[in-house]
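Below: one structure, written as structure tokens.
When a residue number appears, it is its place in the shown sequence, counting from 1.
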Amino acid sequence: MLRDYQRKRGKYILPRAVYNGVIWKIRDYYRMKQVAEDLLSIGAINYDSMPKSSGTGDMVSSSAIKREQLVKEIKVIEEALLDLPEEYRSGVWNNILFGSPYPIDADRTTYGRYKSKFIYRVAEKKNLI
């Protein structure tokens, strides 16, 4: 089980509910990418064998709207990750998604600061703060 500790001090402190929501949205990144990719490959729909009903909506347009929302979420996460220095991205990313320990190429405090900054930037870009 991953433990989600937020730093107590610093300028990248979020309310607990926002912090946890952003963490889980980031952890959902690969699933969102897969769903967005799957929505591109909607096959041809055979309208002859489908039951007729009124007001069910257009399947293609609803899929396009859903995909657009997912792409926006994915873009927010990717843009916030690009705000971090390149040498710290993979350490922060792997720590959030997989609970991996930080690499030993820099101090743990440095990685913790960049992790907080990354989570804070995602919350900012999603207009949660």
Side-chain angles (χ1 to χ4, degrees):
M1 180 81 186
L2 297 173
R3 292 177 296 216
D4 300 320
Y5 296 120
Q6 182 177 195
R7 297 168 67 94
K8 301 276 187 220
R9 287 178 270 151
K11 58 183 178 181
Y12 303 117
I13 304 300
L14 295 170
R16 176 178 231 118
V18 173
Y19 181 84
N20 287 330
V22 171
I23 284 282
W24 284 103
K25 187 56 77 172
I26 294 169
R27 287 183 181 151
D28 199 28
Y29 175 82
Y30 288 117
R31 186 199 63 85
M32 289 189 300
K33 287 215 35 138
Q34 184 61 48
V35 169
E37 188 68 29
D38 292 346
L39 287 172
L40 280 177
S41 60
I42 293 178
I45 302 169
N46 183 1
Y47 288 107
D48 294 336
S49 64
M50 295 182 72
K52 307 289 188 252
S53 65
S54 61
T56 58
D58 183 15
M59 190 171 161
V60 174
S61 67
S62 64
S63 294
I65 292 168
K66 182 177 179 181
R67 184 177 188 285
E68 183 62 29
Q69 291 170 342
L70 287 170
V71 168
K72 283 181 185 177
E73 295 277 340
I74 292 165
K75 187 176 178 184
V76 162
I77 294 169
E78 290 172 347
E79 287 175 355
L81 191 62
L82 291 176
D83 287 346
L84 301 181
E86 188 175 345
E87 59 268 19
Y88 301 113
R89 288 179 195 157
S90 66
V92 168
W93 185 256
N94 290 332
N95 180 266
I96 291 173
L97 263 62
F98 311 114
S100 303
Y102 297 125
I104 56 173
D105 59 350
D107 189 54
R108 188 174 155 264
T109 310
T110 304
Y111 275 104
R113 190 177 317 112
Y114 283 119
K115 177 181 175 181
S116 294
K117 181 179 179 179
F118 172 56
I119 294 166
Y120 191 87
R121 292 285 186 249
V122 172
E124 274 183 336
K125 290 175 185 288
K126 290 174 58 68
N127 296 318
L128 297 174
I129 53 171

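- Under the 4.5 Å side-chain contact rule for hydrophobic residues, Ile26 and Ile129 share a cluster.
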Which atom pairs, one a donor and one an acceptor, fall under 3.5 Å between side chains of residues 64-81 and the rest of the protein, sequence neighbours left out?
from	atom 1	to	atom 2	distance (Å)
Arg67	NE	Ala36	O	3.0
Glu73	OE1	Lys126	NZ	2.9
Glu73	OE2	Lys126	NZ	3.1
Glu78	OE2	Tyr29	OH	2.5

Step by step, would you call Ile119 with Tyr19 a side chain to side chain contact (heavy atoms under 4.5 Å, CB included)? CA-CA 7 Å; Ile119 294 166; Tyr19 181 84; 3.7 Å; yes

Where do Glu124 and Asp83 land on the side chain to side chain contact (heavy atoms under 4.5 Å, CB included) test, with the steps shown first? CA-CA 12 Å; Glu124 274 183 336; Asp83 287 346; over 6 Å; no

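- Atom CD1 of Ile104 has 12 or fewer neighbouring heavy atoms from other residues, nucleotides or ligands inside a 6.0 Å radius.
- Looking at Leu128, Val18, Leu14 one by one, the single match for side-chain contact (heavy atoms from CB on, under 4.5 Å) with Tyr120 turns out to be Leu14.
- Considering all non-hydrogen atoms of both residues, Arg121 and Tyr12 come closest at NH2-OH, 4.1 Å.
- Taking every heavy atom of both residues into account, Gly91 and Pro103 meet most closely at CA-CD, 3.7 Å.
- Paired with Tyr88 under the rule ring pair (Phe, Tyr, Trp, His ring centres under 6.0 Å), one option of Tyr102, Trp93, Tyr111 passes, and it is Tyr111.
- Summarising the geometry, atom CG belonging to Asp28 is positioned 13.0 Å from atom CD1 belonging to Ile23; distances are rounded to the nearest 0.5 Å.
- Closest approach of Ala123 and Val22 over heavy atoms only: CB-CG2, 3.8 Å.
- Looking only at side-chain heavy atoms (C-beta outward), Glu37 and Leu40 come within less than 4.5 Å of each other.
- Counting only distance, with no hydrogens or angles, the side chain of Asn95 and the backbone of Ser100 share a donor-acceptor pair below 3.5 Å.
- Minimum heavy-atom separation, Leu39 to Ser63: CD1-O, 3.8 Å.
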When you look at Phe118 and Arg89, which way does the side chain to side chain contact (heavy atoms under 4.5 Å, CB included) test go after all the steps? CA-CA 9 Å; Phe118 172 56; Arg89 288 179 195 157; over 6 Å; no

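- Cluster annotation: Val35 and Leu97 are assigned to the same hydrophobic cluster (Ile/Leu/Val/Met/Phe/Trp/Tyr, side-chain heavy-atom contacts under 4.5 Å, transitive).
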